[in-house]
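One structure, as structure tokens, below. Some questions next.
The model shown is predicted, which means the values in this text are computed figures rather than measured ones. Chain letters run A, B, ... following the sequence lines, proteins first and then strands; every chain starts at 1.
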Number of protein chains: 4
Amino acid sequence: MIKIDLHSQAPLYEQIKTGFKGLVRRKLLRPGDAAPSIRALAAQLTLNPNTVARAYRELTAEGFFESQRGEENIVSARAGALAKADTENLKARIAEAVKEGLLNGLSSADIEAILGRVKKEAI
Amino acid sequence: MIKIDLHSQAPLYEQIKTGFKGLVRRKLLRPGDAAPSIRALAAQLTLNPNTVARAYRELTAEGFFESQRGEENIVSARAGALAKADTENLKARIAEAVKEGLLNGLSSADIEAILGRVKKEAI
Amino acid sequence: MIKIDLHSQAPLYEQIKTGFKGLVRRKLLRPGDAAPSIRALAAQLTLNPNTVARAYRELTAEGFFESQRGEENIVSARAGALAKADTENLKARIAEAVKEGLLNGLSSADIEAILGRVKKEAI
Amino acid sequence: MIKIDLHSQAPLYEQIKTGFKGLVRRKLLRPGDAAPSIRALAAQLTLNPNTVARAYRELTAEGFFESQRGEENIVSARAGALAKADTENLKARIAEAVKEGLLNGLSSADIEAILGRVKKEAI
DNA sequence: GTGGTCTAGACCACC
DNA sequence: GTGGTCTAGACCACA
């Protein structure tokens with residue numbers, strides 16, 4: 001369900017974290033649902049279990065997951081709010097990149113062109 | 001002349017490099033002009049001279065600077081072309097951020113809203 | 001009869017084990033008495049039967065239980081001695097916590113205060 | 001400056017974290033001071049650098065350290081408050097151990113005896 | 001030099 | 001089976 005871009009400059013564990021928050025935002029994962037096991041997700045994404053474990057640990061620390069004594073990781077009731085708050089991070093990152101572009105001579109048209117292209121690819 | 005954002009996730013030396021390329025794109029710096037000395041720029045931006053030195057070193061390696069006159073760093077004749085090519089980096093960074101947003105549940109409207117906001121701020 | 005604290009950092013099966021030993025120390029359970037069945041205790045404490053089973057298995061291995069009469073778990077004649085020896089575990093755990101506190105800046109007065117408070121609560 | 005007990009049941013990275021908070025509580029480390037580098041502390045404690053790195057990462061996430069772009073880890077202005085709050089954890093752990101002891105048949109005298117012994121050792 | 005990320009693999013505790 | 005901890009060592013980014 002989660003997609004990882006090995007060539008992105010964002011760390012893999014961060015991509016996993018935003019991936020889960022995205023699943024909640026898109027209602028593909030709901031409070032009470034169980035996340036896949038660390039080993040299972042690591043195998044599916046062909047990542048090292050430690051990398052997935054770090055993402056899960058931080059999600060648990062934030063209150064996104066609730067894990068009791070080595071049981072499954074359950075999406076918490078607060079996950080929705082946390083996922084929503086995370087949206088701001090995504091937006092801020094876009095804003096930062098756009099701002100940098102505008103400051104350095106890119107035109108609005110350039111940026112609109114990028115948007116169009118990415119949207120097509122994303123389909 | 002160059003603006004640095006200490007809180008950006010872009011490395012400082014990269015910001016310096018794109019800063020110079022932006023100055024050339026905006027014709028505020030032209031081939032034959034001398035860049036400020038490493039120490040002067042570091043002092044002005046309150047950065048570690050090593051950081052500025054790294055940017056200058058890479059700009060020289062790329063052929064953007066020539067150090068012919070004494071020890072000064074002179075903007076080369078090829079700088080214009082290099083600056084133009086650099087635009088692709090800026091575009092790629094925007095594209096990556098937008099792609100990440102779309103993959104994780106942001107809508108096109110969200111992204112348009114960001115654009116509008118940033119444009120206003122940039123005025 | 002046994003109290004479990006789900007939020008304690010002590011493992012559940014350990015709490016069950018010390019619980020039984022405490023019952024013997026307080027003479028609420030005597031050699032020859034039968035312990036509740038695994039299923040019954042698990043249901044009463046709302047724990048996973050596997051967790052209770054592990055506690056019973058270890059108690060049996062230690063010689064605290066004997067399963068002679070049918071399938072029942074009978075408190076053995078040696079249980080009293082084992083219960084007494086277990087006291088050392090409790091003491092060691094307290095000692096470790098206190099030591100950690102003293103090493104990290106807690107004063108004797110702080111610790112006395114905790115003692116007073118806990119004693120009151122325990123009444 | 002920090003002492004680690006390899007045989008404690010507390011994880012090493014947690015001991016490092018409480019160690020730093022203890023140093024702040026005891027005024028041996030003050031806001032603005034730099035913590036030793038990850039590699040240096042790891043070498044001194046003969047631990048793996050990753051273990052120390054984890055402690056530092058979490059301290060930074062909590063706002064106890066402030067680290068800028070791969071520079072030194074500086075004790076933040078908020079560190080005092082965080083260290084104080086941590087005291088409650090230490091106290092809670094002691095309280096928990098004492099409570100467990102009382103519930104399972106330890107007498108007040110037993111516990112006082114432990115205190116006396118640990119205090120002597122701690123000198 | 002610094003910290004950050006990732007992989008690999010071992011071992012433990014818990015359910 | 002699950003997650004948690006730790007070690008080892010490589011590589012990168014930054015100042």
query: When you measure from the side chain of A:Ser76 to the backbone N and O of A:Phe64, does any donor-acceptor pair fall under 3.5 Å?
result: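 Pair found, side chain donor or acceptor close to backbone of A:Phe64.
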task: Establish, with yes or no, whether the OP1 or OP2 oxygen of F:dT5 is under 4.0 angstrom from a side-chain nitrogen or oxygen of D:Tyr13.
output: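 For F:dT5, OP1 or OP2 has a side-chain N or O of D:Tyr13 closer than 4.0 Å.
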message: So, taking the atom named NZ in C:Lys99 and the one named CG in D:Asp5, what distance separates them when rounded to the nearest 0.5 Å?
response: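 The distance works out to 5.5 Å.
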query: When the distance from CD1 of C:Ile4 to P of E:dC14 is rounded to whole Å, what number comes out?
result: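 Going from CD1 in C:Ile4 over to P in E:dC14 covers 13 Å.
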query: In terms of the nearest nucleotide of DNA chain F, which residue is placed more toward the 5' end: D:Thr46 or A:Ile38?
result: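 The residue whose closest nucleotide sits nearer the 5' end is A:Ile38.
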- request: Take the protein atom CG of C:Leu45 and the nucleotide atom P of E:dC15, then report the distance between them rounded to whole Å.
  value: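 Atom CG in C:Leu45 sits about 13 Å away from atom P in E:dC15.
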task: Starting at atom CD of A:Glu58, determine the distance to atom P of E:dC6, rounded to an integer number of angstrom.
output: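 So the CD-P distance, A:Glu58 to E:dC6, works out to 11 Å.
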message: Let's test this: given Watson-Crick or G-U wobble pairing with both distances under 3.5 Å, identify the partner of F:dG9.
response: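 When the pairing criteria are applied, E:dC6 turns out to be the nucleotide that pairs with F:dG9.
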- prompt: With no hydrogens and no angle check, is any side-chain donor or acceptor of A:Thr51 less than 3.5 Å from a backbone partner on A:Leu47?
  reply: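 No; zero donor-acceptor contacts below 3.5 Å.
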Sidechain-backbone polar pair: D:Asp33 side chain, D:Leu29 backbone, donor-acceptor under 3.5 Å: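 Looks like no, no N/O pair under 3.5 Å.
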query: Separation of A:Leu6 atom CG from E:dT5 atom P, in whole Å?
result: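 These atoms are roughly 16 Å apart.
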Shortest side-chain distance from A:Ser37, nucleotide among F:dA15, F:dT2, F:dC6: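 My answer, after comparing the listed nucleotides, is F:dT2.
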message: So A:Leu47, base contact, sugar-phosphate only, or nothing? Heavy-atom distance under 4.0 Å.
response: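 A:Leu47: backbone/sugar contact only, no base atoms under 4.0 Å.
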query: Rounded to the nearest Å, what distance is computed from the CZ atom of residue D:Arg57 to the C1' atom of nucleotide F:dC6?
result: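 In whole Å, F:dC6 C1' and D:Arg57 CZ are 13 Å from each other.
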task: Could you state the atom-to-atom distance from CG of A:Asn73 to P of E:dC14 in whole Å?
output: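 A:Asn73 atom CG is separated from E:dC14 atom P by 17 Å.
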- prompt: Roughly how far apart are D:Arg25 CZ and D:Thr87 OG1, rounded to 0.5 Å?
  reply: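 D:Arg25 atom CZ to D:Thr87 atom OG1 measures 4.0 Å (nearest 0.5 Å).
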- request: Would you kindly give the OH-to-C1' distance between A:Tyr56 and F:dT2, to the nearest whole Å?
  value: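 Answer to the nearest Å: 12 Å.
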message: Both C:Glu14 and D:Ala35 contact DNA chain E. Taking the nearest nucleotide for each, which residue is further toward the 5' end?
response: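 Looking at DNA chain E, the more 5' nearest nucleotide goes with D:Ala35.
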query: Any side-chain N or O of A:Thr51 under 4.0 Å from OP1/OP2 of E:dT7?
result: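 True: A:Thr51 side-chain N/O within range (under 4.0 Å) of E:dT7 OP1/OP2.
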query: For A:Lys17 and E:dT5, what is the distance between atoms NZ and P respectively, to the nearest whole Å?
result: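 Going from A:Lys17 (NZ) to E:dT5 (P), I get 10 Å.
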- request: State whether B:Arg54 places a side-chain N or O below 4.0 Å from either non-bridging phosphate oxygen (OP1 or OP2) of F:dA15.
  value: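 No, outside the criterion.
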Interatomic spacing from NZ in A:Lys17 to OH in A:Tyr56 - rounded to 0.5 Å: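 Answer for the NZ-OH pair, A:Lys17 versus A:Tyr56, is 13.5 Å.
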Which atom pairs link the protein and nucleotides 9-12 of chain F when you take only N or O atoms and keep those under 3.5 Å?
residue : atom : partner : partner atom : Å
F:dG9   : O6   : D:Asn50 : ND2          : 2.9

field: Inter-residue atom distance C:Asn73.CG - C:Ser37.OG, 0.5 Å rounding
entry: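 Those atoms lie 9.0 Å apart.
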